[in-house]
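Note that the coordinates shown come from a computational prediction; the quantities given were computed from them, not determined experimentally. Counting from 1, the numbers follow the sequence of the chain as shown.
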Amino acid sequence: MILYQYPQSAAVDRPIPKNKLYEQGAANSKLKQKFIDEVAKITWAYKLSAGSLNIQTDTLFQEVQIFSIVARTADIDLSILKYIDKLIPTPVIFEIIHNDRVKVIAAYKRVSQADKSKIVLNKYYSSAWLADDQRKPLPLILNLTDLYTHLIEQLLPSIPNVAVTDQPTETPKPPSQHIKPKAIEGNTASTTMSIVAKAELNPTATINIAVDIEAKLKRVQQIENLTKQVEQLQKKVNKEPQFNRKVELNMRLHKLKNELNQLMNK
């Protein structure tokens with residue numbers, strides 16, 4: 001993940017009073033308390049547009065906002081970011097600042113195709129904590145859609161090129177009638193996917209948008225959901241003492257792992 005230094009031509013540097021946000025979105029008392037407890041300061045830091053970046057005009061995205069939030073705690077509740085996002089019609093990239101470190105958080109946002117007055121928010125993804133003094137220049141870009149897609153893609157977990165397989169073990173056999181039955185040990189191989197940050201791109205390289213961002217988001221989320229199912233089912237297999245039930249669970253587990261491998265190798 002690269003933390004970018006946005007150009008001065010795009011700087012806004014305008015404080016956003018929390019009470020104004022409360023008024024615009026009619027925040028309830030619970031959400032207001034979260035703002036008070038977790039947020040020290042909100043700043044509209046940059047406005048990325050064709051004019052401010054001197055790039056081609058864009059029909060899909062006209063602006064992308066960079067909001068800087070000085071947090072009182074290391075973990076800021078996503079309901080705060082979602083509340084702000086719903087008040088701002090254009091995409092927002094949040095930079096959370098805490099103890100001289102920065103975490104980038106964003107959800108892919110677009111106008112609803114069914115109702116142009118509404119927005120569609122995807123799932124939020126975040127970077128690790130980054131050093132604020134290690135920023136790099138923006139890459140070469142053609143338009144704002146390419147830049148926004150790149151900023152979102154950087155936050156997505158990478159997909160490991162490693163198949164999820166079963167540990168090679170002998171097929172379990174039912175206990176002999178002449179031997180005292182005991183629990184059969186299940187497959188103990190870990191199925192946890194290694195979710196790591198995407199490899200850093202050359203900051204001076206031109207962005208190449210090869211895959212539709214919404215298709216990529218859908219695939220990543222399908223893999224996350226399927227991985228969770230595999231892990232949960234693996235735990236059930238390991239704990240199940242009944243032979244017939246364990247065989248049944250293992251068959252389901254094998255099927256889920258095959259589905260996961262197919263998604264990962266697309």
Side-chain angles (χ1 to χ4, degrees), residues 1 3-4 6 10-49 52 58 60-130 132 144-145 147-157 213-214 217-218 220-221 224-225 228:
M1 170 71 197
L3 188 60
Y4 287 117
Y6 298 101
V12 178
D13 195 26
R14 183 182 302 168
I16 302 176
K18 288 186 282 185
N19 63 320
K20 293 295 183 183
L21 293 175
Y22 302 158
E23 294 170 5
Q24 288 186 26
N28 58 36
S29 57
K30 184 178 179 180
L31 186 59
K32 287 180 182 179
Q33 193 59 50
K34 286 183 179 180
F35 269 92
I36 293 169
D37 295 338
E38 302 178 21
V39 176
K41 181 181 179 182
I42 305 173
T43 302
W44 180 10
Y46 296 94
K47 179 176 74 173
L48 310 182
S49 65
S52 66
D58 198 310
L60 187 56
F61 296 106
Q62 282 73 51
E63 293 181 1
V64 174
Q65 317 303 338
I66 309 297
F67 279 17
S68 171
I69 298 180
V70 178
R72 301 186 192 278
T73 61
D75 295 318
I76 190 166
D77 197 297
L78 289 180
S79 63
I80 293 174
L81 306 186
K82 191 173 183 179
Y83 176 82
I84 297 173
D85 243 330
K86 287 185 174 181
L87 294 178
I88 311 298
T90 55
V92 180
I93 305 292
F94 296 97
E95 291 192 351
I96 312 301
I97 302 170
H98 182 67
N99 290 344
D100 298 323
R101 298 180 302 162
V102 181
K103 177 185 286 188
V104 182
I105 305 179
Y108 181 73
K109 182 200 290 188
R110 62 169 174 81
V111 174
S112 170
Q113 296 176 349
D115 186 345
K116 300 298 183 183
S117 65
K118 296 181 179 179
I119 60 171
V120 176
L121 266 178
N122 208 283
K123 180 179 177 180
Y124 282 90
Y125 289 96
S126 69
S127 71
W129 286 106
L130 306 167
D132 194 29
L144 203 57
T145 295
L147 177 58
Y148 179 48
T149 299
H150 170 66
L151 294 175
I152 293 295
E153 282 188 321
Q154 279 214 119
L155 299 175
L156 299 182
I213 183 62
E214 294 200 54
L217 284 164
K218 182 179 179 181
V220 166
Q221 288 160 19
E224 288 177 333
N225 292 335
K228 185 176 180 180

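In this structure, OH in Y22 is found 11.5 Å from OG in S29, a value given to the nearest 0.5 Å. Q65 contributes atom CD, which lies 5.5 Å from atom CH2 of W44 (distance to the nearest 0.5 angstrom). Distance check: S126 OG to I76 CD1 gives 12.0 Å after rounding to the nearest 0.5 Å. Here E95 contributes atom CD and Y6 contributes atom OH; the two are 5.5 Å apart, rounded to the nearest 0.5 Å. Between atom CZ of residue F67 and atom CZ of residue R14 there is a gap of 10.0 Å, rounded to the nearest 0.5 Å. The CD1 atom of I96 sits 12.0 Å away from the CG atom of L130 when rounded to the nearest 0.5 Å.
Of all heavy-atom pairs between A106 and I152, the closest is CB-CD1, 3.9 Å. Taking all atoms of both residues into account, the shortest heavy-atom contact from P157 to V220 is CG-CG1, 3.7 Å. Closest approach of V12 to Y46, counting heavy atoms only: CG2-C, 3.9 Å. Nearest heavy-atom pair across L144 and S49 is CD2-CA, 4.1 Å. Minimum interatomic distance between A45 and S68 (heavy atoms only, all atoms of both residues): CB-CB, 4.3 Å. The two atoms that bring K82 and L121 nearest to each other are CG-CD1, 4.0 Å, heavy atoms only.
Counting only heavy atoms from C-beta outward, the side chains of R110 and Y148 never approach each other to under 4.5 Å. Looking at Q221 and N122, their side chains come closer than 4.5 Å, going by heavy atoms from C-beta outward. No side-chain heavy atom of D100 sits under 4.5 Å from any side-chain heavy atom of D132. Taking 4.5 Å as the limit, every side-chain heavy atom of I93 sits out of range of all side-chain heavy atoms of L48. Between I213 and T145, the closest side-chain pair of non-hydrogen atoms is not below 4.5 Å. Taking 4.5 Å as the limit, every side-chain heavy atom of F61 sits out of range of all side-chain heavy atoms of K109. For the pair L151 and Y4, the minimum side-chain heavy-atom distance is below 4.5 Å. A heavy-atom distance below 4.5 Å is found between the side chains of I80 and V39.
Side chain of R72 to backbone of I36: a donor-acceptor contact under 3.5 angstrom is found. Q24 places no side-chain N or O within donor-acceptor distance of the main-chain N or O of L87, the cut-off being under 3.5 Å. The closest donor-acceptor contact from the side chain of Y83 to the backbone of L31 lies at 3.5 Å or more, if one exists at all. With hydrogens and angles disregarded, no donor-acceptor distance shorter than 3.5 Å links the side chain of S112 to the backbone of K118.
Other residues, nucleotides and ligands contribute only 12 or fewer heavy atoms inside 6.0 Å of the CD atom of Q113. Within 6.0 Å of atom NZ in K103, more than 12 heavy atoms from other residues, nucleotides or ligands are found, so the atom counts as buried in its surroundings. Annotation: K32, atom NZ; neighbour count of heavy atoms from other residues, nucleotides and ligands within 6.0 Å is above 12.
Counting only N and O atoms by type, the side chains of Y124 and D85 include a donor and acceptor under 3.5 Å apart.
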For this session: Apply the test side chain to side chain contact (heavy atoms under 4.5 Å, CB included) to residues T43 and D13: give CA-CA distance (whole Å), side-chain angles for both, the deciding distance (0.1 Å), then the verdict.
Result: CA-CA 6 Å; T43 302; D13 195 26; 3.8 Å; yes
For this session: Test side chain to side chain contact (heavy atoms under 4.5 Å, CB included) on Q33 and K30 and set out the steps.
Result: CA-CA 5 Å; Q33 193 59 50; K30 184 178 179 180; 5.9 Å; no
Problem set entry | Trace of the side chain to side chain contact (heavy atoms under 4.5 Å, CB included) decision for I69 with I105 | CA-CA 11 Å; I69 298 180; I105 305 179; over 6 Å; no
Exercise. Side chain to side chain contact (heavy atoms under 4.5 Å, CB included) between I84 and I42: does it pass, once the steps are laid out?
Worked result: CA-CA 10 Å; I84 297 173; I42 305 173; 4.1 Å; yes
For this session: Please lay out, stage by stage, how T73 and D75 fare under the test side chain to side chain donor-acceptor pair (under 3.5 Å).
Result: CA-CA 5 Å; T73 61; D75 295 318; over 6 Å; no
